[in-house]
Visitor: 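Got a structure here, written out as structure tokens. Questions coming.
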Amino acid sequence: MAGSDWTCDVSTMREWESPDYEPSLPVSEKSNPLTRDIDRASPNHIVRMLQACDSQMFQEEEGTTYQRLLSDNVVITMMEVAERVELILKDPQDSLVVLSGCGTSGRLAFLIASTFNRALRQLKQSSVYSYTIAGGDRALLSSQEAPEDDPILGMLSLKKVCEGKKRVLFIGISCGLSAPFVAGQLDLCLQHPEVYTPVLIGFNPAHQARDEPIPGCTFTFHNVVERMQELSKSQMAFLINPSVGPEAISGSSRMKGGSATKILLEVIMSVAHAAAFSKTPITSKGILQHLKASEKTLDITYSQTEGISGLVEAAGKSLRCGRRVCYLGWGSPAVLGLIDASECNPTFGAAFEDIRGFVNGGYRELNNSEGPLNSLGPEFCIAHEDFVHQVLPSLNDQDTVLLIYTHSDDVSEVMKMARRVREKTSNLHAVYHHVDGDTATALQEDINKLCLSTLKVSWPSSASASSLHMQWELSTKLVLNAVSTGAHVLKGKIYQNYMIDLQVTNSKLYRRATRLLQKLSGRPEAQCEETLLKALYRVDKLTPDITSSDMTAHILTARNTTKVVPLALVCLLTGCSLEEAKSHLEQQPIVREAVEAFLT
Ligand code: F1P
């Protein structure tokens, strides 16, 4: 693949929509036919594959299989939800809009709540948005996957933020319609309709919502969705669940799932704000225009394929030789850097030092509800000063540093930082967003000279300041998702388009790991789960203690173990002992090659 030219035809774009394509899996867990060979692709091909996958978000509905982002039903429900937000904006007394989710979904809930509270402050209006995230604020910056499985925790954290409120619009986000934390919150809303109106955002059709029993609960996610569907007929609940196609790396909902979440919610809030404060009625036409503007954001971003590929290549080289990648950002796009970096641990089993994000102003800029979290450890140190103290002294040319800034930032500060980094590494790059017609200042040119490459993204000057910021953020998300995903692909962490070395730290990931072992080894489910447990507990024979423990105990153990799935796979393929599998993986740490050696 690496040398060949990569093109994608219409039939490959839509192949996943066929009812025969991986029928047992929900869309969010299917593998994308477009990226089957991403593990062998060049940086340029990787970026083009990601572009093709992202463009699936805006594909028109065809037939009746899946509703899409631009489908009438979706647009109408977005209007209805926007009307509910408008009501709260006009009469905020004792009311709240709560956004909530796990992992990336929770981080985006935080980001969107912050953006629109800021907009309200600027208009001298009181804040109406709040957020909850499984695991609390530490989950904004690190993986906290066990709390995602806890519906009671979800319910309690929702109750806490809503204390004293008489009217709450609750927006739960679970890309896979699967997180028990969110299911618990939706159930609370359904039990108290006098206070709560529930909205669910996700990217599977309702019948594909997860139907696995939740320990200690009488309902599954699927049951909750069914109850919501019933209530949606009388607009007492709302379900926004277009399909956006399978992720480029199977199940990695931080990518399209995250982008679509950001797009949907920002469109809803933007039209609601315009209705409440500038007398612009909420119409389907208005919603469609906003959605189309997001599609344009994708086009503008991916028109820089060459530049993005260069960044992927640089980051991949750094990771391959065990060095690091740092995102140093200013303003809200920097927060997307924090988010992207935080996802690399659960997604790729990366160490927190591998890819790190820093934001100018640290927690002051983040403005999260629990305040500064530095005391929790070095991975929670996010300010540029922290970068200067903790990271800068040890940088060399093998590390990649990426500056992320816009024309509205203080360019002299960017310059200062660029100079300091340049003293340690020449491997400095920049992503710079500016508006059309803006001419580069001398300082700007000097920054460009210090950088090996600058991705200059130009945006139409006609856009309002708030929509420009949202475009910059989405564009930064796409670029950084490409950088971190592409770099890990080049590091050899992906097999075909599956992440094999995934952390088995919650029930969704435990099931995904078992399924992956089945697929790659062709062995029965029971044998795969047994081998997974052996690898997880590092034993060649399962003890009664292990077999009598439940999944929660396995997941807790998984937090402290590495290479669980690759080890299990080698054992399954060869019948060797764990020790032998371990020594094999030590000799061949590139998981793809280790696995391939056995498969061929
Ligand atoms: C939530 C989530 C993902 C993360 C990982 C574990 O998924 O935390 O954000 O990347 O897959 O699950 P969802 O509830 O939004 O489907």
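Read the numbers this way: they start at 1 and go in the same order the structure lists the ligands and their atoms.
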Visitor: To check your reading of the model: name the closest protein heavy atom to atom 14 (O) of ligand 1, its residue, and the distance in Å.
Guide: S174 OG, 2.7 Å

Visitor: Give the numbers and elements of all ligand 1 atoms closer than 4.0 Å to a heavy atom of G103.
Guide: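 Ligand 1 atoms under the 4.0 Å threshold to G103: 8 (O), 9 (O).
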
Visitor: Give the residue, atom name and distance (to 0.1 Å) of the protein heavy atom nearest atom 13 (P) of ligand 1.
Guide: C175 N, 3.4 Å

Visitor: In terms of side-chain heavy atoms, does S252 have a donor or acceptor partner in E247 at a distance below 3.5 Å?
Guide: no

Visitor: For ligand 1, which atoms, with element, lie under 4.0 Å from some heavy atom of A179?
Guide: 14 (O)

Visitor: Quick one: look up the protein heavy atom nearest atom 5 (C) of ligand 1 and list residue, atom name and how far away it is.
Guide: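 That would be E145 OE2, 3.7 Å.
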
Visitor: Does ligand 1 come near enough to T347 that some N or O of the ligand is less than 3.5 Å from an N or O of the residue?
Guide: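 It does not: no N or O of T347 is found under 3.5 Å from an N or O of ligand 1.
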
Visitor: Cut-off 3.5 Å, side chains only: do E379 and S142 have a donor facing an acceptor?
Guide: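 Side-chain D/A pair, E379 to S142: absent.
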
Visitor: When you measure from the heavy atoms of K508 to every atom of ligand 1, does any distance fall below 4.0 Å?
Guide: yes

Visitor: Can you sort out which atoms of ligand 1 are near S105, meaning under 4.0 Å from one of its heavy atoms?
Guide: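 Atoms satisfying the 4.0 Å criterion: 15 (O).
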
Visitor: In the protein, which heavy atom is nearest to atom 3 (C) of ligand 1, and how far is it?
Guide: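 The protein heavy atom lying closest is S253 OG, 3.8 Å.
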
Visitor: Fit a plane to each ring of Y537 and H554, take the angle between them on a 0 to 90° scale, and name the class: parallel (under 30°), tilted (30 to 60°) or perpendicular (over 60°).
Guide: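 Taking H554 first and then Y537, their aromatic rings stand perpendicular (interplane angle over 60°).
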
Visitor: Any donor and acceptor pair, going by atom type alone, linking the side chain of K30 with main-chain N or O of Y21 inside 3.5 Å?
Guide: yes

Visitor: Return yes if a side-chain donor-acceptor contact under 3.5 Å exists between D137 and Y131, otherwise no.
Guide: yes

Visitor: Which residue and atom name correspond to the protein heavy atom nearest atom 8 (O) of ligand 1, and how close is it?
Guide: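 The answer is E148 OE2, 2.8 Å.
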
Visitor: Please work out which of the three classes, parallel, tilted or perpendicular, describes the rings of H488 and F348, given edges at 30° and 60°.
Guide: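 Parallel.
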
Visitor: Check side chain to side chain donor-acceptor pair (under 3.5 Å) between E212 and all other residues, then give those that pass, not counting sequence neighbours.
Guide: R511

Visitor: Provide, to 0.1 Å, the distance between atom 16 (O) of ligand 1 and the closest protein heavy atom, together with that atom's residue and name.
Guide: G176 N, 2.9 Å

Visitor: Identify the closest protein heavy atom to atom 1 (C) of ligand 1: which residue and atom is it, and at what distance?
Guide: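 Going by distance alone, atom 1 (C) of ligand 1 is nearest to C102 O, 3.4 Å.
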
Visitor: Using distance alone, with no hydrogens and no angle criterion, decide if N204 and N241 have a side-chain donor and acceptor under 3.5 Å apart.
Guide: no

Visitor: Please find out if less than 6.0 Å separates the ring center of Y196 from that of F170.
Guide: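 No, too far apart.
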
Visitor: How far is atom 9 (O) of ligand 1 from its nearest protein heavy atom, and which residue and atom is that?
Guide: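 For atom 9 (O) of ligand 1, the nearest protein heavy atom is T104 N, 3.0 Å.
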
